[in-house]
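Encoded as C-alpha cells, the structure appears first; notes follow it.
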Amino acid sequence: MESWINIKDGVVPSVCSLDCPDQCGLLVHKKDGKIVKIDGDPDHPVTKGSICNKVRNMTERLYDSSRLKTPLKRVGPKGDGKFEPISWDEAIETIAGRWKQLISAEGAESILPYSFYGNMGRIQSEGMDRRFFNRLGASQLEQTICSSAGSVGYNYTMGGGFGTDPEDMTETKLFIFWGINAASTNMHQVMIAQKARKTGAKLVVIDVHKNQTGRMADWFIPILPGTDSALALGIMHILFEENLVDREFLKEYTVGYEELENHVKSYDPKTVSEITGVPVDDIYKLARMYGEISPSMIRIGNGLQHHDNGGMIVRTISCLPALTGQWPLKGGGAVKSNSGYLAFNTRALQRPELRKKQARTINMIQLADALHESEQPIRSLFVYCSNPAVVAPSAGKVRKGLEREDLFTVVHDLFLTETAKYADIVLPATSSYENTDFYTSYWHQYLHLQEPVIPPYGESKSNSDVFRLLAEAMGFEDPELKDSDEELIEQAISDVANPYFPDTDLDQLKKERFVKAKNKDGYWKNLNTPSGKIELYSKQMELAGYPALPTHISLVEDNDCPFLFVPGPNHNFLNSTFSNNEKHAKLEKAPQLFMNRLDAEKLGIENGSSVRIWNGRGECEMAASVGEHVLPGVVVSQGLWSDQFGNKHLVNSLTPDRVADMGGGAVFFSGRVNVELANKSSAETGKEAAAVK
Ligand SMILES: Nc1nc2c(c(=O)[nH]1)N[C@H]1C(S)=C(S)[C@@H](COP(=O)(O)OP(=O)(O)OC[C@H]3O[C@@H](n4cnc5c(=O)[nH]c(N)nc54)[C@H](O)[C@@H]3O)O[C@H]1N2
Ligand SMILES: Nc1nc2c(c(=O)[nH]1)N[C@H]1C(S)=C(S)[C@@H](COP(=O)(O)OP(=O)(O)OC[C@H]3O[C@@H](n4cnc5c(=O)[nH]c(N)nc54)[C@H](O)[C@@H]3O)O[C@H]1N2
Ligand code: SF4
Ligand SMILES: [Mo]
C-alpha cells in the first residue's frame, strides 16, 4: 500500500496523540502534501466523528511559524531564549561528548531524563527512550505528575485500571461526574451522558467549581476541596442505614463489608456536612438517588487526586459501586482509568535488562529539589514530551534550578518552550502526524495504529530517531537500540500476558486501524487484588501504613493564607500544549480567578478587577470572575498559560511540590494563597509576603 506521506491530496486516517482520555479517531485532509484540516473519523466506534476544538485548530500549531526547524545551541544567558541554529551532527556530537565526560567523571546517574505524555504514542513516549536510558544507566524518573495517587488508591480497591466500558453506557441511568471537568477534558463521556439523558438518565456533577460541566448537570453539588472521601463515606452510612445495599453482591464479591458497615457509622450526615460543606438534606438525597437508580456509573476525575489525600479519596469513591452491586450491570460501575485492559508487553518494549546497575529514582514533581541536590548532583537533564518550567509544581523553584550554569540541559520539543529557553541544546521534534506509533486509550478500550501522514517538518526528528542517533554516538552496539519503530510495535503487542489485550498484529492493525480489547465479562469476579475480590477492607493498605478501611483524612496545613487555590487545566489548551499558539490563546481569552462574591466583597474586588494572587512561593496576576461558582474560601483558575502572553500567569509558581498520600502524586490543588486587588502598594504586600510560612 502507498504510504500516506506520499498522498498529496486526499483524506487519510489518523489518531489523536494528545494526553486526553478520548483518544479520537481522526481523518486528516491533505492538499499539496500539507495537512489543511483535521476532522473526526465517523467510523470510530466511540468517538464517532466528533473532535474537540483544540484539534480542529491543530493546523495552526503544526504549521505555526515559531515551530522549531533545526537544532539550536544557546548563545545567551539561560532562560533568555537566544539561540543559534546548528547541524544535527554538531548537536548529537555535543550531547554524546558531554555525556561521555560526565559518565567517566561522576557516573551515568548524573544524567536525568525528564518526560511525560506530550505525545501518548507508546513508541515515542516510552519505547526507544527507555531502552536508551536503561543502557546508559541514567537516573530514573518516577512519572507521578498526572494520575499516580488516584491509580494507587483505585488499585487498592479494584486491583488495576479496570472499570465500566464507555460503549456500555447507553444503559446507564445515573451518571455521577465526580471531580472531572468532562465538558473540557472528556467530551465523548459528556456526549454519551447527554444521549442517555434523552431517555431519562440523570447527570450529577460533584465539583469545587461550577464550570461548564457543572452547568450542564441535572444537579450540581458544590463541595469543599479535598473532602470527597467524607462525602462518599456519608453516602455509605446512609446506604447501610437504609438498607439500600446489595448484600448478596457484597458477600460474594467483596472483602470486608461488615467492617465497613460498622466503620461508616461515624460518618453521619451532620458530621459529613460540616466537613464537606454539602447540606445534610443533599447528602440524604444523593445517597438515596445512588441507592435507588441502577445502573449507575461514577466517572472519577483527576481533580480529586491532585490533593494531599487524593489517593485515599479515589480509594474511597471506588468502593461505592460494590455497595449497590453495580459491577455486573451493563453500564454500571465506575471509571477512573481503563488502561488495564490494554496493558501491553512493556518489558519487550522498554528492555529493562539493558540496565546493568540499578540507578536512583527521582520523583518528577520534585524536580526543583533534585536540581538543587548537592550530594550527588544532577549534571545533565534531557527533557522531552513535557514542559516542566510551566507544568511542574513550584515552577519558580524549578526555573531557578534550570538556571544552574553547571547543568547541561537538552530539550527536544516542537517549540521553544519555557523549559527549552533554559537549554544548552534544543532539538526539533516531529509531531505525531509525522511518526509511526501505537496508542492505547485510558478511557475507551481501543488500540490504535498511527502511520505518518506528512514528512518531518524542517529537520525535525522523532524521539525514537533521536535516541537511535544518540545510541550510535555513544558507541552502543546493542541490537535493541537499532530496532525500527515497526519492530518496536510488533514486540510490544506480542506475547502480552494481559488476558484482555486483543490478539492482533501489525498487519491487522494496518488494515483495521483500531482494535478493541477482548471480551471482559465478569472481570470484577477475578481482580488483581490479593483476594481477587473487591477490597473494601484492604490488608495490603494496612501493611503499607494506611487505614485498611476507606477514611477521610484532612489536607495538610499548607500556610496561613486564607484561600485554597485550585488551578486546573482549561478548555482550549492541553496542559501547556497550545498555550503558545495564538489561535488557541485567543479562544481562551485571558486567565481568570473565580471567587465567591462574599470573599470578593470583603476584599473590595469586583467582577473583572485585576487581582494579585500570592503566597510564599510566588505570585500571579489575573482578572477576577466574581459570583457563586465556587464556595467561600476557595479560588479557582483554569489553564497552564504560556509566558508568551503575559509573564504573571504562571499558576504553578504558587503550587506546593510536596507529595500526595499515595504514589508520590502531585498536590496541585491543595495549596493556599492570598488574593487582593492588584493595585495595592507593593511595600504593604511585601511585608505580608514575609509573614507567610
Ligand atoms: N481541554 C483539555 N482537556 C484535557 C486536558 C487539558 O489540559 N485541557 N488535560 C488532560 C489531562 S493530562 C488530564 S489528567 C485530564 C484532567 O481532566 P479532569 O479529570 O477533568 O481533571 P481536572 O480538570 O484536573 O479537574 C477536574 C475537576 O476537579 C475539580 N476539583 C478539584 N479539586 C476537587 C475536589 O477536591 N473535589 C471535587 N469534587 N472536585 C475537585 C476541578 O474544579 C475540576 O473541575 O484531562 C485531559 N484532557
Ligand atoms: N497547576 C496545574 N499543573 C498541572 C496540572 C494541573 O491541573 N494544574 N496538570 C498536571 C497533569 S495532569 C499533567 S498530565 C501534566 C502535563 O504536563 P506535560 O506532560 O509537560 O504536558 P504539556 O504541557 O502538554 O507539554 C508537553 C510537551 O511535549 C511536547 N511534545 C509533544 N509531542 C512530542 C513528541 O513527540 N516529542 C517530543 N520530544 N515532544 C513532544 C509538546 O510540544 C509540549 O511542549 O501537567 C500537570 N500540571
Ligand atoms: S484532544 Fe481529546 S477530544 Fe480532542 S481530538 Fe484529541 S482525543 Fe479527541
Ligand atoms: Mo494528566
Side-chain angles (χ1 to χ4, degrees), residues 4 11-29 35 37-59 61-62 117 119-122 161 163-172 175 177 180-198 201 203 212-213 216 297 299 301-302 331 335-339 341-342 431-433 435 437-451 453 502 504 509-517 520 569 571-575 577-578:
W4 307 126
V11 181
V12 295
S14 185
V15 53
C16 181
S17 64
L18 295 173
D19 186 353
C20 168
D22 299 58
Q23 198 155 103
C24 295
L26 304 178
L27 291 180
V28 172
H29 297 246
I35 298 179
K37 186 171 136 182
I38 296 184
D39 261 341
D41 179 353
D43 292 335
H44 192 282
V46 182
T47 60
K48 295 185 174 159
S50 52
I51 58 168
C52 67
N53 215 24
K54 304 183 286 295
V55 172
R56 275 199 188 286
N57 288 305
M58 183 56 111
T59 51
R61 181 169 171 88
L62 291 177
Y117 288 91
N119 177 350
M120 283 291 294
R122 300 295 169 173
T164 318
D165 182 347
E167 286 179 279
D168 287 346
M169 292 180 196
T170 45
E171 307 294 318
T172 306
F175 292 84
F177 291 176
I180 182 167
N181 182 11
S184 294
T185 63
N186 189 188
M187 64 174 276
H188 295 90
Q189 178 65 78
V190 170
M191 291 172 76
I192 291 170
Q194 296 293 50
K195 198 164 168 209
R197 283 170 88 185
K198 292 202 173 112
L203 171 62
Q212 40 291 54
T213 309
M216 68 173 59
M297 197 286 300
R299 181 71 176 94
N302 244 28
V335 186
K336 197 261 169 203
S337 157
N338 271 334
S339 57
Y341 299 118
L342 291 171
S431 75
S432 63
Y433 304 92
N435 298 336
D437 219 320
F438 79 103
Y439 290 82
T440 56
S441 167
Y442 52 91
W443 171 63
H444 63 63
Q445 299 172 2
Y446 286 83
L447 166 74
H448 302 97
L449 180 71
Q450 162 78 46
E451 287 177 280
V453 298
T504 189
L509 272 178
K510 280 189 178 175
K511 264 191 245 118
E512 297 181 14
R513 319 218 60 79
F514 34 79
V515 179
K516 196 175 180 179
K520 308 148 305 273
H571 193 76
N572 292 293
F573 306 162
L574 201 125
N575 302 315
T577 298
F578 299 118

Problem - Intermediate values then yes/no, side-chain hydrogen bond (donor to acceptor under 3.5 Å, both in side chains), S184 and Q212 - result: CA-CA 8 Å; S184 294; Q212 40 291 54; 3.1 Å; yes
Handout entry: N-O pairing of D39 and R56 below 4.0 Å
Key =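 Salt bridge present between D39 and R56.
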Exercise for the section: May I ask you to say whether D165 pairs ionically with K520, meaning some side-chain N is under 4.0 Å from a carboxylate O? Expected result: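 Yes.
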Mind listing the closest non-hydrogen atom pair of [X] and [Y] along with its distance?
X    : Y    : value
K54  : N572 : CG-O, 3.6 Å
L27  : P42  : CD1-CD, 3.7 Å
T172 : F175 : CB-CZ, 3.5 Å
H29  : V11  : ND1-CG2, 3.6 Å
Q23  : C16  : CG-O, 3.9 Å

Exercise for the section: Give, for atom CZ of R197 and atom CD1 of I192, the distance between the pair rounded to the nearest 0.5 Å. Expected result: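 The CZ atom of R197 sits 14.0 Å away from the CD1 atom of I192.
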Exercise for the section: Measure the CD-CG distance between Q445 and N338 for me, rounded to the nearest 0.5 Å. Expected result: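 If we round to the nearest 0.5 Å, Q445:CD and N338:CG are 4.5 Å apart.
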Decide yes or no for [X] and [Y]: does some side-chain heavy atom of the first lie under 4.5 Å from some side-chain heavy atom of the second?
X    : Y    : answer
K516 : Y341 : no
M169 : Q189 : yes
Y446 : P45  : yes
N186 : I180 : yes

Practice task
Evaluate side-chain hydrogen bond (donor to acceptor under 3.5 Å, both in side chains) for Y442 paired with D19, printing each intermediate quantity in order.
Solution key: CA-CA 9 Å; Y442 52 91; D19 186 353; 2.7 Å; yes
Do the side-chain N and O atoms of [X] and [Y] include a donor-acceptor pair separated by under 3.5 angstrom?
X    : Y    : result
Y433 : E451 : no
Q450 : S432 : no
Y439 : N119 : yes

Practice task
Measure from NZ or CZ of R61 to the centre of the six-membered ring of F578, then state whether that distance is under 6.0 Å and the direction lies within 45° of the axis.
Solution key: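 Positive - R61 is close enough to the ring of F578 and near enough to its axis.
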Practice task
Please say which of V46, T47, V55 ends up in a side-chain contact (heavy atoms from CB on, under 4.5 Å) with C24.
Solution key: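 Option passing the side-chain contact (heavy atoms from CB on, under 4.5 Å) with C24: T47.
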Handout entry: Member of V28, L26, I38 meeting the side-chain contact (heavy atoms from CB on, under 4.5 Å) criterion with V453
Key =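 The single option meeting the side-chain contact (heavy atoms from CB on, under 4.5 Å) with V453 is V28.
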Exercise for the section: Just do the side chain to side chain contact (heavy atoms under 4.5 Å, CB included) check on D22 and T185 with the steps written out, would you? Expected result: CA-CA 8 Å; D22 299 58; T185 63; over 6 Å; no
Exercise for the section: Would you please indicate if the ring centroids of H44 and F514 are separated by under 6.0 Å? Expected result: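 Centroid distance H44-F514: below 6.0 Å, so yes.
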Practice task
Given side chain to side chain contact (heavy atoms under 4.5 Å, CB included), test F177 with M216 step by step and report yes or no.
Solution key: CA-CA 11 Å; F177 291 176; M216 68 173 59; 5.8 Å; no
